[in-house]
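Only one structure is covered here, and it is reproduced in the block below.
What you see below is based on every heavy atom in this structure, not just the backbone, and it leaves out hydrogens, waters and symmetry mates.
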Amino acid sequence: MPKQTSLFPENYDDFFRDLKERIRSAQVKAALAVNQELVLLYWQIGREILQRQYKEGWGAKVVDRLARDLKIGFPEMAGFSPRNLNYMKSFAEAYPDEAILHQLGAKIPWKHNCIILDKLKDPERRTWYIQKTIENGWSRSVLVHQIDTNLYDRQGGALTNFQEVLPAPQSDLAQSPLKSEYNLEFLDIREKALERDLEHALVEHMQKFLLELGVGFAFVGSQYRLEVEGDEFFIDLLFYHLGLSCFVVIELKTTDFKPEYSGQINFYVNVIDDKLRRPHDNPTIGIILCRSKNKSVVEYSLRGLTQPISVSTYRTTAALPDEFKTKLPSVEDLQHEIEAAAAVVEELE
C-alpha cells in the first residue's frame with residue numbers, strides 16, 4: 001500500500017509559528033502606536049485648555065461644557081469627561097516640552113499617567129517611575145504597589161561591599177536592583193515568626209515575592225542542599241538573576257543583623273561559586289534579609305570579605321504614619337489601662 005503523503009509542506013508548522021510571532025509583534029507595535037497617538041492628543045487638548053484659561057480666563061464651567069460637547073461630537077469615544085479633561089490639563093502642565101513628552105509620558109498608557117499625576121508631585125520621581133514602567137512593563141496595579149511601597153527610596157539602597165569586590169560596571173549593575181528594605185506585607189505571619197515560618201510563607205507567595213524582588217529573579221529552590229566533604233548545609237532561598245547572570249543566595253533572619261551572619265552567607269556563596277557557577281556566570285551574590293540592622297556593624301562585618309554580600313531589612317506590616325504614632329497608646333499605656341480596669345472589676349466583685 002503506498003505511503004500517504006501530507007497535504008502540507010514539511011516546513012509548514014515552522015512557517016506558521018513564525019507568522020504568528022510576526023502578527024503578534026505587529027499587534028503590539030500597533031497598540032503602542034495607538035496609545036502614543038492618544039496620549040499626544042490628550043496632551044494637546046490639555047495644552048489648548050491651559051492656554052485658553054491663561055489668555056481668555058476660561059473657568060471650570062467652560063471645561064464642563066467642552067466635555068459635554070465632545071461627548072456629543074464623538075459618542076463612540078470614551079475619555080472626554082470633565083475629570084479626564086482636568087487630567088489632560090495637569091498632564092500638559094507636568095510636561096510643557098513636547099520633546100520630553102515623547103521620551104516619557106507618551107510611552108506608557110494614559111491611565112498609568114493619571115496614577116503618576118495623582119500620586120507623585122516631584123518631577124524626578126515621576127520620571128523615575130515612568131522609566132521603570134517602560135523597562136519592566138508594569139501593569140496599573142503593579143505601578144500603584146511600587147509607588148505605595150516607596151520603591152524609589154528603597155531601590156539600590158542595600159548596604160553592600162560590591163564596590164570593593166566587584167569590577168566597576170558589575171558592581172553598579174548588581175547594586176541597582178537591591179533594596180534597602182523589602183516589603184513583605186503580603187505575608188500572613190505573626191510579627192515574631194520563626195525563620196522557617198518566614199521561608200515557608202515566602203515560598204507559598206513566591207509570585208508576590210518575585211514581584212517585590214524585581215525583574216530578573218528566577219527561583220531555583222528553597223532549603224537548597226549543599227554537601228561539602230560529607231557535611232550537609234541548606235540555603236534558605238536560591239535564585240538566579242537573568243539580567244546579572246549570576247546566582248543569588250538569600251538567607252532569612254528574624255532578628256537584628258549579627259556579624260556571624262556575614263560569615264555564614266560568605267561560606268554559602270563560596271560553595272555555590274565552586275559547585276554551580278558556570279564559566280559564563282558572574283560571581284554569586286549573597287543577600288541577608290534581617291529584621292533590622294546597625295549600619296556600622298554591617299560595614300565592619302563586610303569589610304575584608306572577598307565575596308559580594310548585601311544586607312537589607314524587611315517588614316511584614318505597614319509602617320504607621322508619623323501623625324498617628326503620637327496619638328496611639330504605647331504598650332505600656334495599654335498595660336496600665338488593663339491593670340486599672342482589672343482593679344475596678346475586682347472592687348465591684
ring-ring contact (aromatic ring centres under 6.0 Å, His included) filter on Tyr152, not counting sequence neighbours, yields Trp128
What side-chain donor-acceptor pairs closer than 3.5 Å can you find for residues 218-243, not counting sequence neighbours?
unit_1, atom_1, unit_2, atom_2, d
Gln223, NE2, Glu199, OE1, 2.8
Gln223, NE2, Glu199, OE2, 3.4
Gln223, NE2, Asp236, OD1, 3.3
Arg225, NE, Glu232, OE2, 2.6
Arg225, NH2, Glu227, OE1, 2.7
Arg225, NH2, Glu232, OE2, 3.2
Asp236, OD2, Leu252, N, 2.9
Tyr240, OH, Arg278, NH2, 3.3
Tyr240, OH, Asp281, OD1, 2.5
His241, ND1, Gly243, N, 3.1
His241, ND1, Leu244, N, 3.0
His241, NE2, Val215, O, 3.3

**Message:** Just so I know, are the side chains of Glu164 and Arg303 near enough to count as touching, which here means a heavy-atom distance under 4.5 Å?
**Reply:** no
Counting the benzene-type ring for Trp, do Phe91 and Tyr87 have ring centres under 6.0 Å apart?
no
query = Taking the six-membered ring for Trp, is the centroid-to-centroid distance between Tyr42 and Trp110 below 6.0 Å?
reply = yes
Checklist entry - If only atom types and distance count, is the side chain of Asn35 paired as donor or acceptor with the main-chain N or O of Ile108 below 3.5 Å? => result yes
Distance col, row Ile288:CD1 vs Phe257:CZ, nearest 0.5 angstrom, shows 5.0 Å
Under 3.5 Å, side-chain donor or acceptor atoms of residues 304-311 against the rest of the protein: list the pairs with distances, not counting sequence neighbours.
unit_1, atom_1, unit_2, atom_2, d
Gln307, NE2, Asn270, OD1, 2.4

Item to complete: May I ask you to check whether over 12 heavy atoms, not counting those of Gln207, lie within 6.0 Å of atom CD?
Response: no
Margin query: Any donor-acceptor pair under 3.5 Å linking the side-chain atoms of Thr255 with those of Tyr261?
Written below: yes
Can Glu48 and Lys89 be counted as an ion pair, charged N to O under 4.0 angstrom?
no
**Prompt:** Where the side chain of Arg154 meets the backbone of Thr149, is there a donor-acceptor pair that is under 3.5 Å apart?
**Reply:** yes
Interatomic distance, CG@Asn86 vs SG@Cys114, rounded to 0.5 Å, equals 11.0 Å
Discussion item. Ignoring hydrogens and geometry beyond distance, is a side-chain donor-acceptor pair present between Asn282 and Ser245 at under 3.5 Å?
Written reply: no
- Do Tyr314 and Glu181 come within less than 4.5 Å of each other through their side chains, counting heavy atoms only? no
Distance-only polar pair, side chains of Lys253 and Gln264, donor-acceptor under 3.5 Å = yes
With distance as the sole criterion, is a donor-acceptor pair present between the side chains of Arg277 and Thr284 under 3.5 Å?
no
Check your understanding: Any donor-acceptor pair under 3.5 Å linking the side chain of Lys293 with the backbone of Leu289?
Key -> no
**Message:** Leu213 vs Tyr182, test: side-chain contact (heavy atoms from CB on, under 4.5 Å). Steps then yes/no.
**Reply:** CA-CA 8 Å; Leu213 287 174; Tyr182 287 84; 3.8 Å; yes
CD1 (Ile45) and CG (Leu40) are apart, to the nearest 0.5 Å, by 11.5 Å
Q) Salt bridge between Arg65 and Asp69, side-chain N to carboxylate O under 4.0 Å? A) yes
Does NZ belonging to Lys295 count more than 12 external heavy atoms closer than 6.0 Å?
-> no
- With distance as the sole test, does Trp43 use its side chain to make a donor-acceptor pair with the main-chain N or O of Tyr95 at under 3.5 Å? yes
Is a side-chain donor or acceptor of Asn294 paired with a backbone partner of Ser296 at a separation under 3.5 angstrom?
yes
inquiry  = Could you check whether atom CD of Glu135 has more than 12 heavy atoms from other residues, nucleotides or ligands sitting under 6.0 Å from it?
reply    = yes
Check whether any side-chain heavy atom of His145 sits under 4.5 Å from a side-chain heavy atom of Glu212, and report yes or no.
yes
